[in-house]
Amino acid sequence: MKAPIHVAVTGAAGQIGYSLLFRIASGHLLGPDQPVVLRLIEIEPGMKALEGVVMELQDCAFPLLKGIVPTCDLNEGFDQASWALLVGSVPRKAGMERKDLLGINGKIFTSQGKAIQENAASDIRTLVVGNPCNTNCLIAMNNALDIPKERWFAMTRLDENRAKSQLAIKAGVDVDSVKNLAIWGNHSSTMYPNYFDATIDGNSVPSVITDEAWFTEDFIPTVQQRGAAIIKARGLSSAASAANAAIDTVRSITTPTASDDCFSVAIHSNGEYGIEKGLIYSYPMKSDGQKLSIVEGLEINAFSSEKIKATEAELSEEKSMVSDLLP
Ligand code: NAX
């Protein structure tokens with residue numbers, strides 16, 4: 001029997017948490033033979049609901065679940081964690097400016113970054129889901145500079161999964177026929193699903209879907225506005241699909257990527273493809289199971305270049321809005 005891996009999840013009593021925790025405990029995150037301890041972090045008002053979630057986790061009798069630590073203490077929450085999934089954050093309310101939201105959440109991610117650095121296991125890796133996730137990740141990372149920068153991630157996988165499904169539906173193929181679809185940039189309405197490098201059954205997407213107007217008038221806006229469409233239909237933001245994307249992200253980071261594929265996650269940019277160094281920017285990525293690398297040598301056409309720059313500009317602006325939180 002392997003030693004348990006401690007996984008910390010913030011916002012554990014929230015919507016995404018409710019879909020995510022049960023899949024972690026049943027082995028979907030780290031594998032069917034890997035025991036886990038769940039360290040569930042909430043703020044004080046969420047602790048009562050978290051009690052109920054803990055009861056339900058116990059009632060599943062998951063063989064892999066070796067312990068549950070519900071807490072609102074960050075030091076206890078991140079203690080021994082090898083993975084930190086930062087899901088909790090304050091949602092944008094009516095009348096709130098983006099700058100206000102960045103400031104409120106920024107303070108949360110400052111203290112979480114520090115607590116991760118002080119308490120987590122030496123192999124800690126962190127995935128930020130709570131929005132604005134790229135900039136929240138930037139803040140946490142910069143408040144934990146003893147942890148290597150390549151261990152920080154922000155989630156754009158839900159956007160990738162949405163984009164792949166849209167392409168599969170349009171082409172009338174199974175979704176696993178679609179490969180190499182990467183999201184570039186910010187997890188926001190400026191993110192860019194680069195369909196030029198994607199393939200359907202090994203053929204380039206624009207050679208399979210020849211309706212050019214569909215990409216700009218339908219595909220890109222649908223992917224960019226999908227979150228809003230779900231809120232409109234469901235009255236609540238996407239949760240199960242977001243939890244699924246978090247699982248997919250960790251699996252893709254920790255298992256080798258197929259030679260004909262890549263995946264999307266936002267990472268610390270070292271200036272690749274001319275993007276401002278230091279931003280948390282989503283790129284096409286590959287993993288060898290241990291280390292990640294950005295897919296190199298892609299030809300970026302003028303259309304893609306404009307989109308890639310626009311989402312970079314937004315991230316750069318977000319960074320300047322939180323400069324007081326970056327030591
Ligand atoms: P909920 O409001 O259902 O749950 C959030 C939970 O976080 C609450 O239980 C709250 O008490 C807790 N919380 C708030 N501040 C906290 C803190 N400082 N420490 C610990 N817990 C804290 O939101 P939910 O639907 O679960 O969404 C969570 C976050 O994911 C939101 O920021 C949301 O915008 C973001 N999303 C990100 C996505 C992505 O692709 N990156 C997609 C889905 C989702 O929109």
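Remember, it's 1-based here, ligands and their atoms both numbered in the order they're listed. Not measured: the values here are computed from a predicted model.
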Protein residue, atom and distance nearest to [atom], heavy-atom basis:
{"atom": "atom 28 (C) of ligand 1", "value": "Val87 O, 3.3 Å"}
{"atom": "atom 10 (C) of ligand 1", "value": "Glu42 OE1, 3.5 Å"}
{"atom": "atom 31 (C) of ligand 1", "value": "Ser89 OG, 3.7 Å"}
{"atom": "atom 45 (O) of ligand 1", "value": "Asn131 ND2, 3.7 Å"}
{"atom": "atom 2 (O) of ligand 1", "value": "Pro91 CG, 4.9 Å"}
{"atom": "atom 3 (O) of ligand 1", "value": "Gln15 N, 2.9 Å"}

Please check if any side-chain donor atom of Asp159 sits under 3.5 Å from a side-chain acceptor atom of His187, or the reverse.
yes
Establish, from distance only, whether the side-chain atoms of Asn180 and Asp197 form a donor-acceptor pair under 3.5 Å.
no
A student comparing Ile16, Asp159, Thr10 should find that the heavy atom closest to atom 44 (C) of ligand 1 comes from Ile16
More than 12 heavy atoms of other residues, nucleotides or ligands under 6.0 Å from NZ of Lys291: yes or no?
no
Within 6.0 angstrom of Phe62 CZ, more than 12 heavy atoms from elsewhere
yes
So, 4.0 Å and heavy atoms of Gly227: is ligand 1 close enough to count as a contact?
no
Side chain or backbone, does Gly88 bring an N or O within less than 3.5 Å of an N or O on ligand 1?
no
Protein heavy-atom contact under 4.0 Å for atom 7 (O) of ligand 1?
yes
Any protein heavy atom nearer than 4.0 Å to atom 36 (N) of ligand 1
yes
Hydrophobic cluster membership, with links at side-chain heavy-atom distances under 4.5 Å among I/L/V/M/F/W/Y: are Val250 and Ile16 in one?
yes
Report, one line per pair, each donor and acceptor closer than 3.5 Å where one atom sits in a side chain of residues 269-276; sequence neighbours left out.
residue	atom	partner	partner atom	Å
Ser269	OG	Gly271	N	2.9
Ser269	OG	Tyr283	OH	3.0
Glu272	OE1	Asn270	N	2.7
Tyr273	OH	Val295	O	2.8
Tyr273	OH	Gly297	N	3.2
Tyr273	OH	Leu298	N	2.9
Glu276	OE1	Ser316	OG	2.6

Checking Ala229 now: which residues fulfil side-chain contact (heavy atoms from CB on, under 4.5 Å) with it, not counting sequence neighbours?
none
